[in-house]
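Each chain gets a letter, A, B and so on, in the order the sequences are listed, and its residues count up from 1.
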There are 2 protein chains.
Amino acid sequence: MEAIDTYNLTKNQDIFREYLQFGLSVDCVVFGYQQGQIKVLLVERDMEPFKGNWALIGDLVHPKEDLRESASRVLTSLTGLTNIFMEQFHTFGTQDRHPIGRVVTVGYYSLVRSKDYHPIASSWAKSTKWVNIHELPELAFDHDNILTKGVETLKKSVRRRPVGFELLPTKFTLLELQALYEAILGYKFDKPNFRKKILAMDLLVPLEEMQSNVSHRPARLYKFDLARYEGLKKQGFVFEL
Amino acid sequence: MEAIDTYNLTKNQDIFREYLQFGLSVDCVVFGYQQGQIKVLLVERDMEPFKGNWALIGDLVHPKEDLRESASRVLTSLTGLTNIFMEQFHTFGTQDRHPIGRVVTVGYYSLVRSKDYHPIASSWAKSTKWVNIHELPELAFDHDNILTKGVETLKKSVRRRPVGFELLPTKFTLLELQALYEAILGYKFDKPNFRKKILAMDLLVPLEEMQSNVSHRPARLYKFDLARYEGLKKQGFVFEL
DNA sequence: TCAAAAGTGTTCCGAATACACCCATGC
DNA sequence: GCATGGGTGTATTCGGAACACTTTTGA
């Protein structure tokens, strides 16, 4: 097969037009943390194809819109939240992934604090729900694929970057943090060792505030020191585990 | 701004057509290792726009072609090589990245053994060359961006996965391997410790063969045991450093 | 006083680091 | 012999794993 010049088609608009036939969308794997479980936000489709099926939230990219902007719009329009952690992880572009035409989709994953989230009614979603990532219904299109890859990405990045903090309320106890990591990674940590390690990084600020109304010794609350993290990162520090 | 239903436009082909206006391309950051340096393969553009500028190798994705397939085709058509290591790393889609229209590009990076590589004449490339990643000429389009991100990706993945082996000839000495890692990461390793660590992983097979015609004690040659690596990986082993 | 979780300290082990040193070859 | 890189051994340090123990609250 002969290669087509990637970038010079001015002189041959016909060929160019032939190649300008792709649809582009973004799909977001939105993670939340509830009842000790990592969950993902799904929407129920209200139209064909895949009517009644559950799907990731996503939309076609507008012609005058950057990718990230588009993903951000999708998230905001459905959750009402702005400034959400969001990162591109993979692009899916097999020919047959969309029944209507050639649509390539860019996958983003994002992390939201469940308490901040209040779903917004939308023309394109019948309903939404949070689903445990191990108890998924069948998903529309190739969204199973996308979701699987998104979960893999989360698992990898969570040990290398303090993304875990995005899922908790701003004030949290060390055991809550530990439980979050355990939920994502699927294995247990030793409590004393986890504490030591995480505190040794000096990224957490102990607050005066304590838990209340718990039938056991109340735990100290901490918050994440983002500014300090940014500073350390510049000096070559890498968060790990 | 109102969200458009991502996936159901059957009933509204006009709107759908409006959104099916994207061009899609792949660009490959091809790494090679020569004279102790990590280099990247560039082509000199022979047409406008950016005529005379250097660029990454890439092409528009054909309508009936998967993404990976497309990247593979680009590589093979230019290098004659098949079965090259190749991995998607990021998708670039700002509106203005291509002067002719809205073209989104998917970035792949790949690793080739320089000795195997023999450039193939092509209609779309005037000439090609290997360039040290720290002495780059100005690049066409947003290829500087893409390249920077590709180098970052290589640096990250090289410590976590034995990608380094793809760049060396099949038989190599431990110091060659060490030098490769040093070139990629930009810092030195302690020789005894590097040896111990890499040998302890049990991924290298010592060969009977030795270096010859060197004016010092000849080093033993090793080869990478891919089968063993795949096996260990299944048992949860992670290559590191 | 008891359950339940918060929180601390200590020991042990293995891996990473830092070196010092010897070996084989070409010239 | 000597320069050059190949290759080995060891002492030390540091961080992680394991685990025992004390503390504080509500009921």
Side-chain angles (χ1 to χ4, degrees), chain A residues 35-36 158-160 162 164 168-169 171-183 185-223 232 236-241, chain B residues 33 35-37 158-160 162 164 168-169 171-183 185-224 232 235-241:
Chain A
Q35 295 113 39
V158 83
R159 299 201 46 173
R160 287 262 164 191
L168 291 174
K171 300 171 183 179
F172 51 85
T173 72
L174 293 184
L175 248 76
E176 282 166 0
L177 183 62
Q178 182 179 339
L180 168 63
Y181 275 86
E182 291 175 345
L185 293 170
Y187 52 77
K188 297 283 180 188
F189 290 91
D190 177 79
K191 180 179 52 153
N193 295 335
F194 183 84
R195 294 175 72 82
K196 260 179 287 184
K197 193 162 182 177
I198 205 91
L199 288 176
M201 291 182 198
D202 215 14
L203 293 173
L204 297 184
V205 183
L207 303 172
E208 291 307 311
E209 204 174 341
M210 309 290 260
Q211 276 182 325
S212 56
N213 290 317
V214 284
S215 75
H216 55 74
R217 177 173 169 178
R220 180 171 298 281
L221 296 177
Y222 290 82
K223 65 171 186 172
L232 286 174
F237 167 83
V238 268
F239 179 88
E240 188 149 5
L241 233 189
Chain B
Y33 180 58
Q35 298 112 37
Q37 299 178 331
V158 84
R159 298 201 49 175
R160 285 264 164 188
L168 291 173
K171 301 171 182 179
F172 51 86
T173 72
L174 292 184
L175 249 77
E176 283 167 0
L177 182 63
Q178 183 179 338
L180 168 64
Y181 275 85
E182 290 175 346
L185 294 169
Y187 53 76
K188 298 283 180 187
F189 289 90
D190 177 80
K191 181 178 50 155
N193 295 335
F194 182 84
R195 295 176 72 83
K196 258 178 290 184
K197 192 162 182 177
I198 205 92
L199 288 176
M201 291 182 199
D202 215 15
L203 293 174
L204 297 184
V205 182
L207 304 172
E208 291 307 311
E209 203 174 340
M210 309 289 259
Q211 275 182 325
S212 56
N213 290 316
V214 285
S215 75
H216 54 74
R217 175 174 171 181
R220 180 171 298 280
L221 296 176
Y222 290 81
K223 66 170 187 173
F224 181 62
L232 285 174
Q235 295 164 37
F237 166 83
V238 267
F239 179 88
E240 187 146 9
L241 234 185

TODO: Begin from the C-alpha positions of A:V158 and A:F239 and carry the test side chain to side chain contact (heavy atoms under 4.5 Å, CB included) through to its verdict.
DONE: CA-CA 9 Å; A:V158 83; A:F239 179 88; over 6 Å; no

Task: A:Q178 side, atom CD; A:L180 side, atom CG - distance, nearest 0.5 Å - done: 10.5 Å

Close N or O pairs between protein and nucleotides 10-14 of chain C (under 3.5 Å):
| unit_1 | atom_1 | unit_2 | atom_2 | d |
| --- | --- | --- | --- | --- |
| C:dT10 | O4 | A:K196 | NZ | 2.8 |

- [ ] May I ask you to say what A:L175 touches in the nucleic acid, namely base, sugar-phosphate or nothing, with a heavy-atom cut-off under 4.0 Å?
- [x] sugar-phosphate

- [ ] Find out whether B:F224 and B:L168 are in side-chain contact, i.e. whether some heavy atom of one side chain is under 4.5 Å from a heavy atom of the other.
- [x] no

Open item on the list: Five pairs per end, C1' atoms only: what is the angle between the end axes of the helix from C:dT1-D:dA27 to C:dC27-D:dG1, to 10 degrees?
Closed with: 10°

TODO: Determine: side-chain N/O of A:K197 to OP1/OP2 of D:dG16, distance under 4.0 Å, yes or no.
DONE: yes

Task: Of the listed nucleotides D:dC19, C:dG7, D:dG6, the one nearest the side chain of A:R195 - done: C:dG7

Open item on the list: To the nearest 0.5 Å, what is the distance between CG on A:L204 and CZ on A:R220?
Closed with: 12.5 Å

Task: Spacing of A:Y187 atom OH relative to D:dG16 atom P, expressed in whole Å - done: 13 Å

Task: Electrostatic pair A:R159:A:E240 at N-O distance under 4.0 angstrom - done: no

TODO: Check the pair B:D202 / B:F237 against side chain to side chain contact (heavy atoms under 4.5 Å, CB included), numbers first and verdict last.
DONE: CA-CA 11 Å; B:D202 215 15; B:F237 166 83; over 6 Å; no

List, with names and distances, any nitrogen or oxygen atoms from the protein found under 3.5 Å away from nitrogen or oxygen atoms belonging to nucleotides 21-27 of chain C.
| unit_1 | atom_1 | unit_2 | atom_2 | d |
| --- | --- | --- | --- | --- |
| C:dC23 | O4' | B:R217 | NH1 | 3.4 |
| C:dC23 | O2 | B:R217 | NH1 | 3.4 |
| C:dA24 | N3 | B:R217 | N | 3.1 |
| C:dT25 | O2 | B:S215 | O | 3.3 |
| C:dT25 | O2 | B:H216 | N | 3.4 |

Task: Given C:dA20, C:dT8, C:dA6, the nucleotide with the shortest approach to the side chain of B:P192 - done: C:dA20

- [ ] First locate atom CG of B:L175, then atom CZ of B:R195, and finally report the distance between them rounded to the nearest 0.5 Å.
- [x] 7.0 Å

Open item on the list: Students often mix this up, so state it plainly: with edges at 30° and 60°, are the rings of A:F189 and A:Y181 parallel, tilted or perpendicular?
Closed with: perpendicular

TODO: Please round to the nearest 0.5 Å and tell me the distance separating atom CG of B:L203 and atom NZ of B:K223.
DONE: 13.0 Å

